[in-house]
Amino acid sequence: MKIIHKYFTELSEEQQQQFSELKPLYEEWNAKINVISRKDMGDFYERHVLHSLAIAKRITFAKGTEILDVGTGGGFPGIPLAVYFPKCSFTLVDSIGKKIKVVQEVVNALGLKNVITKQIRAEELKGNYDFVVSRAVTQMKDFVPWVRGKFKKQSHNELANGILYLKGGDLTEELVSFERAVVTDISKYFEESFFETKKIVYLSNS
């Protein structure tokens, strides 16, 4: 938890409590259903929670913003963001039932009222959102068609509605056909070596 406090000093007592409960919950569930690489559990807060919260350094979502987390896996980045932005609503989707089961159990245990979970493929999901977030589920050329048509037309945030995608490595080739993509190095926000090659890709829907 120290690493969360290092970069997010303004957390309420409830948020601090919720974040502190995350690791024990994932340790308990991961022993039953493997949703996080076991070698990552020692660096859980850095590699999963703080990585997810990089999006909160890129944008402060306005109250009432609706966010879709596609391919949420174990609940990242959706769950940490839902704790951090309690006045926004989050829909976390994954096609794999056992992963969504774990996510729902964590949501219940934390008492998060701003999260809906669904076992569904993104392409089959109905509804429109302000932002789509995700963490390296596939190449951008495959991801963008999954969420096409799922954005609200009106924007009420500092960024126009669109995709905020967590990805690592050299993205030059992957983004060659996305001229409007804006890439932010996460190392701009966090000094740990884990984030040296990690990026946030923002792609406006407008």
Side-chain angles (χ1 to χ4, degrees), residues 1-120 122 125 127 129-137 157 164 166 186 189-190 194 200:
M1 272 295 290
K2 280 183 184 172
I3 200 166
I4 305 302
H5 287 296
K6 177 178 174 181
Y7 294 107
F8 296 93
T9 57
E10 75 292 358
L11 298 174
S12 69
E13 283 188 22
E14 183 180 23
Q15 287 172 317
Q16 290 180 52
Q17 181 63 33
Q18 287 170 324
F19 279 128
S20 70
E21 289 173 16
L22 275 179
K23 188 177 182 185
L25 281 168
Y26 277 102
E27 285 175 332
E28 178 188 341
W29 278 102
N30 222 41
K32 305 171 193 172
I33 301 170
N34 192 18
V35 291
I36 291 175
S37 169
R38 293 203 166 95
K39 66 178 171 44
D40 276 357
M41 285 308 291
D43 297 307
F44 173 78
Y45 281 103
E46 177 182 294
R47 297 190 175 189
H48 296 285
V49 182
L50 191 61
H51 191 201
S52 298
L53 290 173
I55 289 172
K57 292 291 189 184
R58 180 70 174 85
I59 180 173
T60 300
F61 291 124
K63 180 180 177 182
T65 300
E66 294 185 44
I67 298 121
L68 171 66
D69 179 2
V70 170
T72 191
F76 302 97
I79 286 178
L81 290 172
V83 171
Y84 191 75
F85 293 109
K87 298 190 184 311
C88 300
S89 61
F90 291 80
T91 301
L92 277 53
V93 303
D94 203 286
S95 61
I96 299 171
K98 65 181 182 179
K99 291 185 176 180
I100 284 296
K101 174 181 170 53
V102 173
V103 172
Q104 185 62 58
E105 293 290 346
V106 172
V107 166
N108 293 347
L110 294 178
L112 292 175
K113 304 285 188 253
N114 60 334
V115 177
I116 296 167
T117 66
K118 294 183 180 182
Q119 182 192 348
I120 192 170
L125 185 69
Y129 302 86
D130 298 296
F131 288 91
V132 172
V133 298
S134 192
R135 186 166 74 152
V137 292
N157 278 272
L164 289 157
L166 295 168
I186 295 178
Y189 309 123
F190 307 142
F194 174 72
I200 303 168

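The closest side-chain heavy-atom distance from I100 to K118 is not below 4.5 Å. Within the 4.5 Å cutoff, no side-chain heavy atoms of I3 are placed close to those of F190. Counting heavy atoms from C-beta outward, E66 and T91 have side chains that stay 4.5 Å or more apart. Looking at L166 and H51, their side chains come closer than 4.5 Å, going by heavy atoms from C-beta outward. Side-chain contact check for I79 versus V107: some heavy-atom pair is nearer than 4.5 Å. Between F85 and T60 the shortest side-chain heavy-atom distance falls below 4.5 Å.
Using a distance-only test at 3.5 Å, with no hydrogens or angles considered, no donor-acceptor pair links the side chain of D94 to the main chain of K99. A distance-only check finds no donor-acceptor pair linking the side chain of Y84 to the backbone of L11 [under 3.5 Å]. In this structure, the side chain of D130 does not engage the main chain of I67 through any donor-acceptor pair within 3.5 Å. Between the D69 side chain and the G78 main chain, a donor and an acceptor come within less than 3.5 Å of each other. The main-chain N or O of T65 is never found under 3.5 Å from a side-chain atom of Y129 such that the two would form a donor-acceptor pair.
The local environment of NZ in K98 is sparse, with at most 12 non-hydrogen atoms from other residues, nucleotides or ligands closer than 6.0 Å. Atom CD of E14 is surrounded by 12 or fewer heavy atoms from other residues, nucleotides or ligands within 6.0 Å.
Of the inter-residue distances, the one linking T117 atom OG1 with K101 atom NZ reads 11.0 Å to the nearest 0.5 angstrom. In this structure, CZ in R135 is found 12.5 Å from CD1 in I200, a value given to the nearest 0.5 Å. Note that CD1 of I116 and CD of Q104 are 10.0 Å apart. Values are rounded to the nearest 0.5 Å. Atom CD of E105 sits about 7.5 Å away from atom NZ of K32, to the nearest 0.5 Å. Separating the CG atom in L81 from the SG atom in C88 is a distance of 9.5 Å, to the nearest 0.5 Å. If you take CE on M1 and NZ on K23, they are separated by 12.0 Å, rounding to the nearest 0.5 Å.
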- Task: Would you sort out whether V49 and V83 count as a side-chain contact (heavy atoms from CB on, under 4.5 Å), showing the intermediate values?
- Result: CA-CA 10 Å; V49 182; V83 171; over 6 Å; no

- Message: Between F8 and Q15, does the side-chain contact (heavy atoms from CB on, under 4.5 Å) criterion hold? Intermediate values first, please.
- Response: CA-CA 11 Å; F8 296 93; Q15 287 172 317; over 6 Å; no

- Task: Decide yes or no on side-chain contact (heavy atoms from CB on, under 4.5 Å) for M41 and H48, but give the supporting numbers first.
- Result: CA-CA 9 Å; M41 285 308 291; H48 296 285; 5.8 Å; no

- Query: Can you list the steps and then say if I55 with L53 is a side-chain contact (heavy atoms from CB on, under 4.5 Å)?
  - Reply: CA-CA 5 Å; I55 289 172; L53 290 173; over 6 Å; no

- Message: Using the rule given for ring pair (Phe, Tyr, Trp, His ring centres under 6.0 Å), can you reason through Y189 versus Y7, listing the C-alpha separation, both sets of side-chain angles and the distance that settles it, and then say yes or no?
- Response: CA-CA 8 Å; Y189 309 123; Y7 294 107; 9.4 Å; no

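Between Y26 and F76, the distance separating the two ring centers is shorter than 6.0 angstrom.
Under a 4.0 Å N-O distance rule, the pair R47/D40 qualifies as a salt bridge.
For F44 against I36, the heavy-atom pair with the smallest separation is CE1-CD1, 3.7 Å. Summarising the geometry of G75 relative to P80, their closest heavy-atom pair is O-CD, 3.6 Å, with the distance given to 0.1 Å.
With 3.5 Å as the limit, one finds a donor-acceptor pair spanning the side chains of E21 and Q17.
Relative to the six-membered ring of F61, K87 misses at least one condition, a distance below 6.0 Å or an angle of at most 45° to the axis.
Looking at V115, L68, V70 one by one, the single match for side-chain contact (heavy atoms from CB on, under 4.5 Å) with L92 turns out to be V115.
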